[in-house]
Amino acid sequence: MKIILNHTLRSVKNHKGQIALIITTIAVVTIMIFVALSISGLFLNINISAQNRLAENTDIAVSDGLFPKSLIDEFIDRNKDKIEYADYYLQTSGLVKTNLRTKIIMLEVTDFKTIYKRYPHKLQALEVADYFEYPAVWIGKDFADELGVKAGDTLEIYYEGSNRYEKMSVSRVMKNVGVFANTGADNILVDFASANTKGMINLAHLKLYDPKDFDQVCLSLKEFIKNDALTIERAIDFQRAEEIVANNTRLLNIALSFIMAIMVLILFTSYLVIAKSRLNEMIIFKSAGATPFQTTLIMLFEVLLYGAVGAAIGLIAGRLGMEIATRALLPNFPDAVTYNLWKYFAAFFAGVIISVIAALWPVIKISSKSIREMTSGIVKDVKYAKPWLIIAITLLLAISLTLLLLYQSLIVPLTVILIALFAAWVYMVTPYIIKGLSALFAKLKGQSRLASISIKRNSSSNTLAILVGSVITFSFIVVSVISLIITAITPYNTRYDADFVVYSAKEQIDYKQITSQISAIDGIEDAVYIRTAFFEIERENKKPLLYRTLGISRASGLRYATQGLDEEHIEMFEKTPHPAVINNDMAIRLNVKTGDKITVSRLNSTADTEYLEKLDFEFTVIALDYTVSEYDRVFFIKLQDMVYNGEEVEYEEAFTFVKAKPHADKQDIFFSMRDMFASSPDLFVIRFEDWQLASSKGIEGVVWLLRILQLLVSSVAFVGIINLTMVTIFDRNKEFSIYKSSGMSLKKYYALSAFEGLIIALSGAFMGTALSFFFYSLMPSFASLINKYIDFGWFTPEIPLISALSAAVYTLIYFITARGNKRSFIKLDFYNERNLQ
């Protein structure tokens with residue numbers, strides 16, 4: 001044991017730079033594992049937190065419609081033995097107006113005294129006003145800072161119950177936790193005593209003495225209320241939350257499987273080169289009588305040491321990094337990322353175990369060699385796989401790909417199998433790729449020909465080419481898959497683009513007059529009125545496809561609501577009778593292409609009958625919209641075509657998009673528009689960024705966390721490539737001694753290094769491009785996991801661009817590393833080197 005320890009310490013002392021890079025790689029690997037484990041429940045935790053904001057500790061939620069508070073009170077009186085208490089809310093959308101802006105809010109009317117006493121941990125006051133003039137409201141700290149208000153200040157608030165702006169005083173500014181940790185919108189709390197709710201609410205949370213009574217109480221409550229329009233369900237439905245986030249989590253697991261493959265590959269190739277650098281030491285041990293098993297243990301002990309140190313550093317760095325990231329990116333959801341004790345142990349031991357597993361094959365391979373084989377240089381020769389074996393692996397890849405496309409339910413295990421087959425295919429094919437490129441470079445003169453010979457037979461260079469190609473492939477896939485996850489949480493409203501949004505609290509407005517008034521303001525480029533309504537398509541043996549129909553007053557509105565359309569499409573939309581623009585996601589689902597005819601309908605009902613409401617026209621698809629967000633089942637038609645039996649159909653929402661001229665003063669335009677509609681209390685002007693933020697608030701932090709994950713993947717790859725390149729070049733002193741003794745100058749050494757780096761880079765880029773396109777073909781299957789139908793096409797310029805850039809960067813890295821070896825090359829003396837043997 002003492003011999004092994006001394007050997008390890010001597011190895012660390014003699015190879016400080018190399019060991020530092022190895023430990024850094026393991027540390028980054030451990031950071032990645034810890035981050036992955038920490039955010040694995042991110043989507044579920046945020047979803048539960050959103051439900052828990054008001055529903056904490058309660059069991060039953062009654063929602064989805066107005067109902068009298070007294071109705072629930074009466075039911076509780078009749079079931080006092082089963083129901084402990086109830087929380088009541090009236091949630092309604094509204095606006096808050098300051099001197100500089102108008103913001104969309106969610107107004108939540110409740111009983112201040114009751115909920116403050118019941119949930120003190122969810123209502124933590126930072127500022128309390130000693131005196132206030134108007135009815136009291138409570139507001140979150142972030143929103144207060146955004147509006148520039150403090151406790152005691154006055155706000156003008158509009159909500160549906162008043163149908164006008166009313167002055168209210170900020171009596172408390174609350175910490176952004178609990179009730180005020182909202183992902184959906186900025187919320188303001190109002191007391192029942194301050195709002196004219198007429199005893200009506202739209203949300204009640206009931207707390208049971210015994211949760212086992214849930215089914216019985218729900219049944220009794222449903223019979224008592226006698227209102228099928230109301231929803232009675234679990235206050236916090238973990239099962240539904242898990243179903244909502246399951247697909248995102250599965251997609252994240254697929255990304256993590258590719259990430260883990262990168263980690264194993266980098267460490268494997270690192271140890272493959274490192275084990276070879278220990279040849280001289282292993283020769284001494286074998287000469288002293290050490291068995292292959294003993295030399296294996298000697299090198300594995302060293303690996304364990306590096307793994308433990310690197311994993312410990314990575315664990316500490318990962319925890320600190322996640323703490324900083326979550327505090328900065330998810331300040332309102334401190335519990336969204338969990339750090340259970342088992343995750344610390346799992347990350348540490350995974351880092352160590354992966355390090356050992358990655359080193360196992362290289363270590364065994366070196367230990368199994370005899371002294372004669374070690375000294376003869378046989379270990380450095382490249383071995384070529386049998387052609388039939390490559391063909392067999394290729395066929396297995398094709399079969400696995402076909403199965404994955406056919407059986408979506410098996411996508412995760414099949415992805416793992418594909419990665420394993422991919423690794424085997426790369427290992428077998430790379431020597432042939434290098435051999436082919438070397439043959440091309442051999443046709444040139446000078447150092448190019450020498451590079452083609454040295455690279456072709458050097459297994460370390462072969463390993464580097466594998467690494468470059470694999471990093472290109474895996475990085476592309478990981479970034480693409482995580483981008484799909486980001487797409488799945490990108491709010492629908494982000495599809496729009498404008499400078500201002502005008503909407504009305506009234507159902508019917510004279511939109512022609514409003515858009516005309518807006519267009520007359522100096523600095524306005526365009527004003528387009530849009531109405532939205534949900535329709536559905538019946539499908540055989542499937543659920544009806546629900547989609548959103550948008551009626552646009554002017555064809556120019558397509559510029560602010562679609563992607564992929566040009567001016568020709570907009571002109572065609574204007575001139576074509578009953579045109580339609582359909583989102584690509586929906587077109588794929590329905591197998592629709594441009595030129596096809598589509599009808600629009602939905603089931604509707606009156607008090608005594610049910611009927612099919614079908615729009616009066618058949619629509620012609622003139623273009624496809626390629627916007628991608630969380631919801632893309634969208635269908636654009638002309639506003640005047642949005643009729644049934646000659647009458648306008650009922651719609652969900654309506655708004656006017658306003659676009660300013662490029663160099664116009666948007667602040668002046670905002671004030672002009674707000675002054676214009678000051679006498680119309682039911683018309684509101686909002687800055688577009690404020691309107692869009694209302695639907696995306698709280699999502700940015702999650703997106704940034706996922707982007708950080710992408711960045712960590714790139715850092716792992718970068719560290720691994722530098723590590724291997726340095727080891728490969730610095731370990732070739734014997735070879736360079738021969739070249740120098742044959743008359744190689746420093747200039748020729750630089751030229752040789754440039755050509756060697758180029759051959760490796762091109763080999764890796766060629767392989768990375770081919771395999772990236774192979775996995776690119778899987779992207780529609782990955783997208784389907786999050787209920788996305790995306791036409792990725794057969795070609796994307798990103799892959800050859802990434803490959804070309806990677807090849808250029810790697811050639812530069814290889815050359816710079818070779819230049820860093822300049823001093824060693826100058827000092828090389830073939831005869832001195834020979835005498836040392």
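Along the sequence shown, the residues carry numbers beginning at 1.
The side chain to side chain donor-acceptor pair (under 3.5 Å) contacts involving residues 389-402 comprise Thr394-Trp425, where partners must be two or more places apart or lie in separate chains.
A search for ring pair (Phe, Tyr, Trp, His ring centres under 6.0 Å) contacts involving Tyr344 returns Phe34, not counting sequence neighbours. Looking at residues two or more places apart in sequence or on another chain, you find a side-chain contact (heavy atoms from CB on, under 4.5 Å) between Phe774 and Leu397, Leu401, Leu418. Shown here are the side chain to side chain donor-acceptor pair (under 3.5 Å) partners of Tyr776, two or more places apart in sequence or in another chain: there are none. Applying the side chain to side chain donor-acceptor pair (under 3.5 Å) criterion to Asn591, with sequence neighbours excluded, gives no partner residue. Remark: Phe815 engages Tyr750 in a ring pair (Phe, Tyr, Trp, His ring centres under 6.0 Å) (not counting sequence neighbours). Residues satisfying the side chain to side chain donor-acceptor pair (under 3.5 Å) criterion with Tyr547, sequence neighbours excluded, are absent altogether. For Ala317, the side-chain contact (heavy atoms from CB on, under 4.5 Å) partners are Ile31, not counting sequence neighbours. Arg633 is linked by a salt bridge (charged side-chain N to carboxylate O under 4.0 Å, His left out) to nothing, counting only residues two or more places apart in sequence or in another chain. Under the side chain to side chain donor-acceptor pair (under 3.5 Å) criterion, Arg589 pairs with Asp585, Asn787, sequence neighbours left out.
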Listed pairs under 3.5 Å, donor-acceptor, residues 798-807 side chains, sequence neighbours left out:
from	atom 1	to	atom 2	distance (Å)
Ser803	OG	Thr769	OG1	2.8
Ser803	OG	Ile799	O	3.0
Ser806	OG	Ile802	O	2.7

Throw together a table of side-chain donor-acceptor distances under 3.5 angstrom for residues 435-443, partners on residues two or more places apart or in other chains.
from	atom 1	to	atom 2	distance (Å)
Ser438	OG	Ile434	O	2.7
Ser438	OG	Ser452	O	3.4

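Outside the 6.0 Å centre-distance limit, the rings of Phe476 and Phe775 are not counted as a close aromatic pair.
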